[in-house]
Amino acid sequence: MDTQTGAQAAPQRLNRKAFIFIILTTFLSSIGFGIITPVAPFLVTRYVTDPNSVGLALGWLTAAYSICQFIAAPGLGALSDRFGRKPILLFCMIGSAVGYLLLGVGGALWVLFLGRIIDGITGANISVSLAYIADVTPAEERGKYFGWVGALAGIGFIIGPVIGGLVAKISYEAPFYAAAVVTFLNVLYGIFFMPESLTPEKRTKQISLVGLNPLGVLRGVFAIPQLRWLLVGIFLFSLPFAVLQSNLGLFAKDTLHWDADSTGVIFAMIGITDIVVQGLLLGRLLKWFGDTRVAIGGLCCEIIGYLLLASVVLFQSPMPMFAGVIVFALGDGLLGPSLNGLLSRAAGADAQGQVQGGSQAIQSLARIGGPLIGGDLYDRAGHAVPYLSGAGIVALAIGAIGLALPSLAKSQPIPETVPAGAD
């Protein structure tokens with residue numbers, strides 16, 4: 001990999017060994033998020049004796065990670081600005097390794113929660129990795145490196161559940177012990193081979209408490225009138241997606257009596273379909289129909305997908321499961337980029353980072369609330385109800401985007417500044 005061009009234009013260079021560490025850190029973080037997905041239902045059922053409480057316990061286990069990550073992300077970024085990227089990245093990797101070990105050791109439900117909490121607090125490290133790259137590469141080179149990191153993260157999310165399911169054939173603890181060992185090895189690699197990227201003179205002198213507030217970015221973006229309903233729509237479609245991520249393994253276990261490896265394959269199907277759609281179909285569809293129609297089409301596909309998944313309870317067959325995840329993934333592949341396009345068009349050039357950050361914060365909140373709501377519905381109302389409810393919530397998301405369209409249309413003639421589209 002040739003990085004000499006960036007080296008000549010930057011005070012330091014992103015050398016090969018440092019970039020290998022960044023790649024491994026990103027890859028392991030994304031794998032670690034998915035590796036627990038097919039295994040968690042089997043771990044939780046060991047310690048929750050009431051079958052009508054497993055769904056909510058699993059929801060809390062998933063939400064605990066997301067809550068801690070949401071709270072910790074601004075702090076990790078601020079700490080890396082104050083003390084440098086290397087110590088924060090190493091701290092994050094050590095925390096993740098400890099979290100994996102606790103999941104493997106188990107012994108009680110609180111130990112599983114402790115593992116997810118520690119991993120969540122230290123798991124928001126991709127932004128620090130991107131900051132490391134930005135420190136040592138010129139602006140014209142960063143997009144290339146950011147693209148590689150994003151692609152690796154996407155691949156990790158796909159193969160994480162597959163690895164978790166396959167290694168779980170040895171034991172349900174084995175995936176976490178393996179992840180802990182590989183993560184510790186990456187820590188050792190980083191200690192010896194990764195130089196610090198942020199020189200002392202470029203570091204902040206103190207940490208602002210205002211910058212540590214994860215809700216601050218939400219207040220900022222909701223102050224932009226033309227974005228409000230669009231952000232509501234993003235929250236609404238993200239909520240049932242978070243339910244699916246946390247609950248699908250338990251649903252497959254209870255309804256079809258699948259083991260962890262079969263559930264891992266289902267998540268791999270979602271990821272592969274998503275990649276195929278974005279790589280082969282999305283560009284043409286956006287050219288033919290535009291962001292708005294493609295986004296609404298994606299939401300309609302998600303509604304059909306949720307209804308097919310709910311029908312698994314009725315038919316007791318894997319066929320609706322396969323059909324449901326493929327149709328859902330088709331919709332998800334269409335939805336993300338098209339909604340990002342709408343967001344980008346609605347915001348001025350001086351608010352792109354703020355708006356995209358707000359979108360990520362909204363989705364983080366959905367990843368907290370979705371598993372809890374879905375788990376409670378699963379236990380109290382029936383196994384199909386989270387997916388039937390998901391179809392209804394996505395229909396509301398279509399309505400919210402429809403309400404956003406008039407303001408979005410007003411904002412188009414003068415896209416340079418945020419206030420231009422204000423009502």
Side-chain angles (χ1 to χ4, degrees), residues 143 146-147 150-151 153-154 157-158 221 224 226-245 269-309 323-349 351-352 355-363 366-367 370 387 390-413 415 421:
F146 289 170
F157 280 120
I158 294 171
V221 294
I224 304 173
Q226 66 265 30
L227 292 176
R228 290 170 186 163
W229 280 112
L230 192 56
L231 291 171
V232 169
I234 289 173
F235 176 79
L236 289 173
F237 91 77
S238 299
L239 198 67
F241 182 41
V243 175
L244 182 145
Q245 286 181 307
M269 288 176 58
I270 294 175
I272 292 170
T273 303
D274 199 304
I275 289 175
V276 170
V277 168
Q278 292 191 27
L280 299 180
L281 296 179
L282 183 61
R284 295 179 181 180
L285 292 175
L286 288 173
K287 182 178 179 180
W288 292 339
F289 301 108
D291 292 330
T292 303
R293 291 187 179 91
V294 171
I296 292 175
L299 290 169
C300 291
C301 288
E302 289 200 351
I303 290 174
I304 296 170
Y306 285 127
L307 292 176
L308 286 169
L309 289 171
V325 297
I326 290 174
V327 175
F328 170 84
L330 172 63
D332 187 63
L334 297 176
L335 190 56
S338 54
L339 275 180
N340 283 334
L342 288 175
L343 278 172
S344 180
R345 286 164 47 200
Q352 293 295 319
V355 168
Q356 295 298 335
S359 174
Q360 292 302 312
I362 283 284
Q363 293 175 62
R367 286 194 292 270
Y387 302 98
I393 293 171
V394 174
L396 293 176
I398 294 176
I401 291 174
L403 290 173
L405 292 180
S407 293
L408 291 174
K410 291 178 184 180
S411 70
Q412 296 316 304

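Going from atom CG of L309 over to atom CZ of F328 covers 8.5 Å, rounded to the nearest 0.5 Å. To the nearest 0.5 Å, atoms CZ (F237) and CG (D332) are separated by 7.0 Å. Rounding to the nearest 0.5 Å places CG of L231 at 10.0 Å from CD of Q363. Rounding to the nearest 0.5 Å gives a distance of 11.0 Å between CG of L335 and CG of L330. In this structure, CD1 on I393 lies 8.5 Å from CZ on F235, to the nearest 0.5 angstrom.
Counting all heavy atoms, side chain and backbone alike, G370 lies closest to V243 at O-CG2, 3.1 Å. In plain terms, the two heavy atoms of A397 and G233 that are nearest each other are CB-O, 3.6 Å. Here the shortest heavy-atom pairing between A366 and S238 reads CB-CB, 3.5 Å. Pairing each heavy atom of L308 with each of G324, the nearest pair is CB-CA, 3.6 Å. When all heavy atoms are compared, the tightest approach of L285 to V294 is O-CG2, 3.6 Å.
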Notebook entry, point to check: Run the side chain to side chain contact (heavy atoms under 4.5 Å, CB included) check on V394 and L236 step by step: do they pass?
Noted result: CA-CA 6 Å; V394 174; L236 289 173; over 6 Å; no
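I272 pairs by the side chain to side chain contact (heavy atoms under 4.5 Å, CB included) definition with I158, V276, not counting sequence neighbours.
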Got a list of side-chain donor-acceptor pairs under 3.5 Å for residues 297-306, not counting sequence neighbours?
unit_1	atom_1	unit_2	atom_2	d
Y306	OH	P240	O	3.4
Y306	OH	F241	N	3.1

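L230 is listed as a side-chain neighbour of I401, based on a closest heavy-atom distance under 4.5 Å.
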